[in-house]
Structure formats: C-alpha cells, structure tokens
Asks: 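Here's a structure for you.
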Amino acid sequence: MPETDSAPVAPVSATPPPPYLAELNDAQRRAVEAVDGPVLVLAGAGTGKTRVLTARLAHILATRRAWPSQIVAVTFTNKAALEMRERLERLIGQAAEGLWLGTFHAIAVRILRRHAEVVGLRPNFTILDTDDQLRLVKQVAAAEGVDEKRWPARAILGAIERWKDRGLAPDKVTDPGNLADGRALKIYRQYQERLQTVNAADFGDLLLHNLTIFQMRPEIAAEYQERFRYILVDEYQDTNVAQYLWLRLLAQKYKNLCCVGDDDQSIYSWRGAEIGNILRFEKDFPGAQIVRLEQNYRSTPHILAAASALIAKNAGRLGKTLWTTANEGERVLLRGVWDGEEEARWIGDEIESLQRKGERLSQVAILVRAGFQTREFEERFINMGLAYRVVGGPRFYERQEIRDALAYLRLVHQPADDFAFERVVNTPRRGIGTQTLQALHHLARSARISLGEAAARLIATDELKPAARKSLGGFLTDLARWRGLAQAVPHTELAQIVLDESGYTAMWQADKSPDAPGRLENLKELVAAMDEFENLAGFLDHVSLVMENAGQSGGDMVSLMTVHSAKGLEFDVVFLPGWEEGLFPNQRSLDEHGMKGLEEERRLAYVGLTRARQRAYVSYAANRRIHGQWQTTLPSRFIADLPQDHTEMNAEPGLHPRAAGLAPGLEEDWQPTPLLRRRPELARLLMQTRHQDVTPPPPNAGVKFAAGDRVFHRKFGLGTVRTAEGGKLSIAFDQAGDKMVMDSFVEKA
DNA sequence: ATGTACAAGATTTTT
DNA sequence: TCTTGTACAT
C-alpha cells in the first residue's frame with residue numbers, strides 16, 4: 001500500500017448501468033447490493049467470492065456511499081490485495097486512490113506507526129522476522145535458566161504467538177499453562193519488555209498493539225471507527241481472535257462490515273484461525289444479512305462431486321450444497337505408484353502429454369502437503385527440462401546475503417535494532433567474537449539498553465581488549481556516519497555506500513566459493529529493487545510484510561506449491577501427489593489434534609481438489625523415502641472417501657489393488673513391504689528401473705517361521721506363532737487373540 | 001578468534 | 001539425507 005492517506009479523495013464517478021452487477025447471479029448480486037449493515041457471505045469453493053467482494057467495493061464507490069479512503073478491504077495475502085485492486089480499477093475505470101487494501105498486518109502497521117508511542121515504541125520500530133523472534137526467545141529462556149532440551153525455544157515462542165493470536169498481551173494472560181514449568185508467561189513478559197527496549201515489534205504485535213492503543217486511547221479508536229465507513233474481509237474463516245476483536249471494534253460505529261468466507265476451507269487453525277468467528281457473526285451483529293453462494297463456476301461436476309463427498313465426512317460444518325451447470329468433464333484420476341520418484345516421473349510425463357494437447361503450463365499446478373515434497377518434482381523436472389516455479393519456496397529476502405544487507409540498512413534506520421546489530425557486527429569479520437558479544441549482551445540486558453548503546457558505553461571504558469575495542473569503535477563510527485548520510489543522499493545510494501564501506505561487498509568478492517558471484521548479483525538486485533520505493537522506511541516495511549519472491553512470475557511454467565499457498569488460486573489441471581497415511585493426513589496433525597486435526601487435514605484435501613477447473617489427479621506411492629529412510633506407506637483414507645462414481649482408479653499392477661475401496665481400518669490383506677526398510681540398497685536399485693516392469697520381490701522371502709516364534713503384525717501387534725503350515729501361520733496375538741495370517745504379513749519380532 | 005570434525009536432530013502448514 | 005550445533009584444535 002504505497003499510497004498516502006491524507007485527505008479524503010473525491011468520489012469515483014461511474015455511469016449506470018453498472019458493469020459490475022451485470023456479470024453476477026442473483027445471490028451474488030444480493031451480497032453486493034446489501035451494502036448497509038453487517039453482511040456475512042457464506043460461500044463455497046469456486047463460487048466467486050473475490051469477484052463479489054470486488055463488485056461490492058465498486059458498488060459502494062459508484063453509489064457514493066463512501067470515498068475510497070473511507071473503505072478498508074482486508075485480504076489474506078498481499079497478492080490477493082494486488083489482484084483485487086487491479087480488478088476494481090478495471091471495474092470503475094480509474095485508480096482507487098487512498099483505498100486501504102491489504103492484509104491485516106499491512107493495515108495494522110500503518111496505524112501502529114502513527115501511534116507507536118502509546119505502546120512505548122518509536123515510529124521507526126523494526127518488524128521482526130521469525131529468526132529474530134526465535135533468537136530472542138532463546139536468549140530470554142536461557143537467562144531464565146530454562147532447559148533448552150526440555151523446552152525448546154520454538155515451543156515457547158509457539159505459546160507466545162498463540163497468546164498473541166488470541167489478543168492477549170502479557171498482562172491479560174490468565175492461563176499460563178505448564179509450558180516451560182509455568183515460566184512461559186514470565187518469558188513472554190521479558191520478551192515483550194526486550195522488544196520495547198530495542199524498539200521492535202513482532203508480527204503478532206502489529207495487531208495486538210493496535211488493540212492496546214484502541215483500548216488505552218478511546219479517542220484514537222473513535223477516530224478510526226469514524227474513518228472506516230465500510231470494512232470488507234476476505235477469507236473470514238481464517239481470521240484469528242485478535243483480528244476478530246480488531247474488526248469488531250472498528251466496525252462498531254457504522255457496522256458496515258462484510259465478511260466472505262467458507263468454513264470448509266478453514267486451514268489455518270494452527271495459526272490461531274477460529275471458525276467460531278463465522279458462527280459468532282450473527283450474535284455480534286444482530287440483524288446481519290447472511291448470503292449463501294452455492295453455484296460453483298470453477299470445476300467440472302465430477303471434481304465438485306468428489307470434493308463434496310470428501311468434505312461431507314467432516315462433522316460440525318455449516319453445510320453447503322454446491323452445484324454447477326458445467327459439462328461433466330473427466331473423473332478424478334487416482335494413481336498408485338511404487339515410490340516417490342515414480343510418482344514424479346509419471347506426473348512429469350502426464351504434464352508433457354497435456355502440453356502436447358495444448359494445455360498451458362501456467363494452468364497446471366502440483367499441490368503438496370508439505371514443502372519438502374517439492375524437491376522430488378524439482379529434480380525430475382530439471383532432468384526433463386520442464387519449466388516450473390516453486391511458489392512460496394525459498395524467498396529472495398531470506399537469502400543470507402540479502403538478510404545481511406538488510407540488517408545493515410535496518411541498523412542504519414533504527415539504531416536500537418539488536419537483531420540487525422548482532423547479525424552484522426562481525427560480518428565481515430572484525431574480530432568481534434563471543435567474548436565481546438557476551439559482554440555487550442550482559443550490559444545491554446542489565447541496563448535495559450540496546451546492544452548498540454551498550455557498545456557505545458563499553459568502548460568508553462577499558463573493559464574490552466584493545467583490539468576488540470578499536471574494531472567495535474570503528475564499527476560504531478561507521479554507523480554514525482551512515483546515519484548522517486541517510487538524511488543527505490537517496491536511499492539506494494546510501495545502500496551502495498553502506499555495503500561498500502562496511503566491507504560487505506568486498507567480503508563476497510574475496511570469497512572464491514562457487515555461489516559468491518550469485519550472491520553479489522543478488523545484492524545488486526536488492527539495491528535495484530529499492531529504487532521502487534520512496535524511502536528506506538517504505539522499503540523495509542515492504543520487505544517485512546511482503547515476503548514473496550520478486551520477479552520470475554511471468555513465463556509459462558508449472559506451479560509447484562503447498563496446498564496452503566494454493567488457497568484462493570485455481571488451475572485447469574491440478575496434481576495432488578503424496579496422498580498417503582502419515583503424509584496426508586499428516587501424522588503429526590493427527591497425533592497432536594486428534595479428530596480436529598483430521599478434519600482440518602480433510603478440509604485441506606478439499607481445498608486442494610477444488611483448485612481444479614478441468615482435471616484433478618490424485619496419487620500415492622507405496623514406498624517413500626523420508627529423511628533418507630525408506631518407509632512403506634498406505635494410501636490416504638481420503639482416497640477411500642472419494643466416491644467411485646466420480647473417480648477412475650489407475651494403480652500400477654500389484655500395488656495394493658483395492659486401495660480405492662479400502663477404508664482406513666485396513667482390515668484387509670495388503671501389507672507394505674518391510675523388506676525395503678531393511679534393504680535400502682534394493683530399494684535404490686528398484687528406483688533406477690522402470691518400475692512398471694519390476695515385480696517387487698515377495699516380502700519375507702526366505703524367512704521361515706516356526707511354532708514359538710515371536711512375531712509382529714502391523715495391525716494385530718505382537719504375538720506368538722502356534723502353528724506354521726506352508727505360508728499360513730496360526731498366531732496367538734497378545735492383544736488381538738488368535739488369527740490365521742499369511743507369513744508375508746508378519747515380521748520376526 | 002576462527003576453523004574443523006563429528007554427532008544429533010529434523011520435517012507441517014505462513015502473514 | 002541434509003543441516004545445525006558443539007567440542008576441540010589451531
């Protein structure tokens with residue numbers, strides 16, 4: 001949101017009949033025209049949520065209910081905000097100057113910068129990234145004497161973030177739980193205090209501080225309540241409690257709040273999203289209009305039916321019946337393969353064949369459950385020369401050299417930024433090691449000052465060794481000079497000067513590792529990217545809030561991403577690999593959240609399927625290598641949830657043939673092959689061949705069982721062999737009782 | 001203060 | 001398998 005928000009901008013003129021209404025169906029039009037008062041739009045996948053929200057914006061402007069600067073529209077990603085703005089401006093035929101459009105965080109930060117002093121910050125405060133957060137928690141926890149092994153910093157930070165997601169500042173927390181022996185709350189307090197000392201806010205703070213400001217200064221709250229005549233929210237099912245409170249407060253005066261959401265697509269509960277926010281809407285806003293959108297414009301009937309049947313297995317949903325008038329199309333294709341490499345090969349071949357039939361690569365996506373799954377596809381696609389892009393993968397701003405460079409700029413811009421200080425004080429090497437740093441930390445913590453200030457005090461004494469003292473002094477002098485320069489020269493020039501004078505560029509020039517030239521290239525790119533911003537502050541905010549890949553968006557390429565990042569997107573063809581028990585649904589989600597976890601996983605599967613317009617492919621592998629370990633896997637229970645009428649099974653011969661009809665109970669006779677776990681060299685050999693042609697060796701080949709042997713069965717557990725005849729064993733299982741089992745299904749215990 | 005060698009641990013999803 | 005952290009040597 002680069003625009004300023006000074007004076008209200010004149011109303012946008014539009015000539016009737018409005019084009020934005022022409023392309024809508026009845027329900028959509030109702031949602032658009034019900035502009036006064038609270039509105040909740042419950043909409044299924046592919047029913048045109050964003051289109052409705054945009055049309056609504058256009059409508060508000062065209063009917064002159066508000067100026068753009070009196071409207072706030074909140075989207076889930078910055079990209080969605082950009083798209084909405086473009087669409088809106090096309091609709092109204094002019095720029096929507098002054099419109100507040102962006103993520104919760106992007107909007108909250110604008111408010112916070114203005115009133116930072118209310119929460120003890122200065123307007124140029126730093127926005128922390130996850131790394132910095134974690135480092136701070138580690139420091140605080142260590143000082144508190146918490147055992148890192150028992151209570152990893154990650155877990156403590158998780159607890160802190162959960163509190164923040166729920167809108168709880170340290171003084172509001174009532175349930176300290178037993179995390180870190182009940183010390184988590186104490187750590188939270190110190191963490192927060194330290195953030196204030198170093199003039200920084202983390203992501204959660206952006207909203208939390210907003211709430212605090214509104215609470216402590218009612219006149220400020222009133223100002224924004226007055227300003228925001230219309231509030232629009234996309235993806236409402238994924239708002240957390242803090243966001244909900246923020247919205248409720250701001251909408252208090254005009255109550256023109258319109259939320260669009262789909263409870264079946266709530267996939268962020270791990271980040272604090274509350275489906276309850278949707279359910280509560282009518283209670284909080286009596287007389288709210290509820291509009292349901294159920295006509296799907298995206299997918300073919302087969303895909304829609306398969307997805308609907310899948311999500312119908314979830315209990316506790318509001319329930320929607322999606323329908324479409326589209327032509328039947330192809331069934332969802334289910335494909336079972338031997339292993340992950342085979343899966344990547346098959347998908348690659350399939351994409352090539354689609355491409356030959358005229359499908360554009362940019363209309364093809366591979367959606368995986370977890371980030372690490374993209375690697376297999378990348379390797380394969382590089383190999384076959386297929387153009388692809390990883391969406392949301394390793395990001396430009398997360399590269400080491402970029403983060404270092406940014407740390408220099410942050411430190412120039414915000415002298416108290418400890419995290420930046422720590423990052424660059426000895427990069428390039430200045431002979432400032434752990435000893436010196438420890439002394440700095442010690443003083444900084446005890447005197448409640450920033451590291452930079454502590455450094456300044458320390459060089460005034462003779463506590464440090466002469467070498468360290470001299471070098472640290474030089475560093476501080478440099479910083480002071482650059483800060484002075486910041487007023488005088490343009491920010492791109494400043495960046496260049498800082499990188500050169502600090503010796504950072506020279507450091508990489510002297511580096512003879514193969515990736516050094518690339519890093520220097522990236523640094524150049526960074527300086528070039530800064531040119532698009534008015535000043536250093538604007539650039540730094542952009543970097544903190546918009547952590548996405550610059551460039552490389554163009555071109556005809558296959559998209560590779562997690563299902564989470566595919567939210568809100570659509571493609572002609574979607575591949576959904578890795579539908580295996582443990583991977584999808586993810587085991588950890590199941591272990592930690594039980595039924596709730598399973599339902600969220602199912603919603604995720606639903607989101608994945610409904611991204612497809614024309615074709616959806618679901619695949620699973622019988623063997624997968626995870627952390628370099630071979631594991632045999634079962635087809636996901638979600639596959640069994642897909643109705644046979646709308647799917648087509650196409651498994652490799654000999655691979656758990658009834659997988660499609662197999663319920664997760666796995667009563668049946670299929671067993672994974674433990675052989676591969678014991679003999680990875682065999683697995684590797686198998687992987688190097690065309691697997692269609694290879695019959696896997698029978699499991700347990702050559703293993704003979706005799707009465708009295710202790711054995712293990714995947715389903716029945718441990719037991720003792722009573723009799724063995726041919727391949728059939730009679731086994732007395734410790735838990736499951738007596739069973740007849742084929743010997744290939746048990747292992748020697 | 002810096003560099004090396006070896007061991008342990010990790011992998012869910014992101015504004 | 002790959003990355004990160006720690007202990008020890010330089």
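Throughout, protein chains are lettered first and strands after them, A, B, ... in sequence-line order, and every chain is numbered starting at 1. The shown structure was predicted, so the numbers you read here are calculated from the model rather than taken from an experiment.
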Asks: Please write out each protein N/O paired with an N/O of nucleotides 3-10 of chain B under 3.5 Å, distance rounded to 0.1 Å.
Replies:
unit_1, atom_1, unit_2, atom_2, d
B:dG3, OP2, A:R429, NH1, 3.0

Asks: The side chain of A:T562 lies closest to which of these nucleotides: B:dT11, C:dG5, B:dT14?
Replies: B:dT14
Asks: With the side chain of A:Q435 defined as its heavy atoms from C-beta on, choose the nearest nucleotide among B:dT14, B:dT12, B:dA1.
Replies: B:dA1
Asks: Are there over 12 heavy-atom neighbours, none belonging to A:E463, within less than 6.0 Å of that residue's CD?
Replies: no
Asks: Look at the side chain of A:T103 and decide which nucleotide, out of B:dT15, B:dT11, C:dG5, has an atom nearest to it.
Replies: B:dT15
Asks: Salt bridge or not for A:R375 and A:E378, using N-O below 4.0 Å?
Replies: no
Asks: Which of the following nucleotides, B:dT2, B:dT14, B:dT15, is nearest to the side chain of A:N78?
Replies: B:dT15
Asks: Heavy-atom count around A:Q587 CD within 6.0 Å, excluding the residue itself: above 12?
Replies: yes
Asks: Would you classify A:Y268 as touching base, sugar-phosphate or nothing, given that sugar-phosphate means primed atoms plus P, OP1 and OP2, and contacts are heavy atoms under 4.0 Å?
Replies: sugar-phosphate
Asks: Would you indicate which nucleotide in B:dT13, B:dT15, B:dA1 comes nearest to any side-chain atom of A:T436?
Replies: B:dA1
Asks: Side chain of A:K138: nearest nucleotide among B:dT12, B:dT14, C:dG5?
Replies: C:dG5
Asks: Check whether any side-chain N or O of A:D205 sits under 3.5 Å from a backbone N or O of A:L208 as a donor-acceptor pair, and report yes or no.
Replies: no
Asks: Is A:W270 stacked on the base of B:dT13 when the test is centres under 5.5 angstrom and planes under 30 degrees?
Replies: yes
Asks: Which residues pass the side chain to side chain donor-acceptor pair (under 3.5 Å) test with A:T212, sequence neighbours left out?
Replies: none
Asks: Please verify the inter-ring angle class for A:Y504 with A:W508; under 30° counts as parallel, over 60° as perpendicular, anything in between as tilted.
Replies: perpendicular
Asks: Quick one: which of B:dT14, B:dT11, B:dT2 gets closest to the side chain of A:F372?
Replies: B:dT11
Asks: Heavy-atom nearest nucleotide on DNA chain B for A:S589 versus A:E161: which residue maps closer to 5'?
Replies: A:S589
Asks: Among the candidates B:dT11, B:dT13, B:dT12, find the nucleotide nearest to the side-chain atoms of A:I626.
Replies: B:dT11
Asks: Between A:R380 and A:E376, does at least one N-O distance fall below 4.0 Å, as a salt bridge requires?
Replies: no
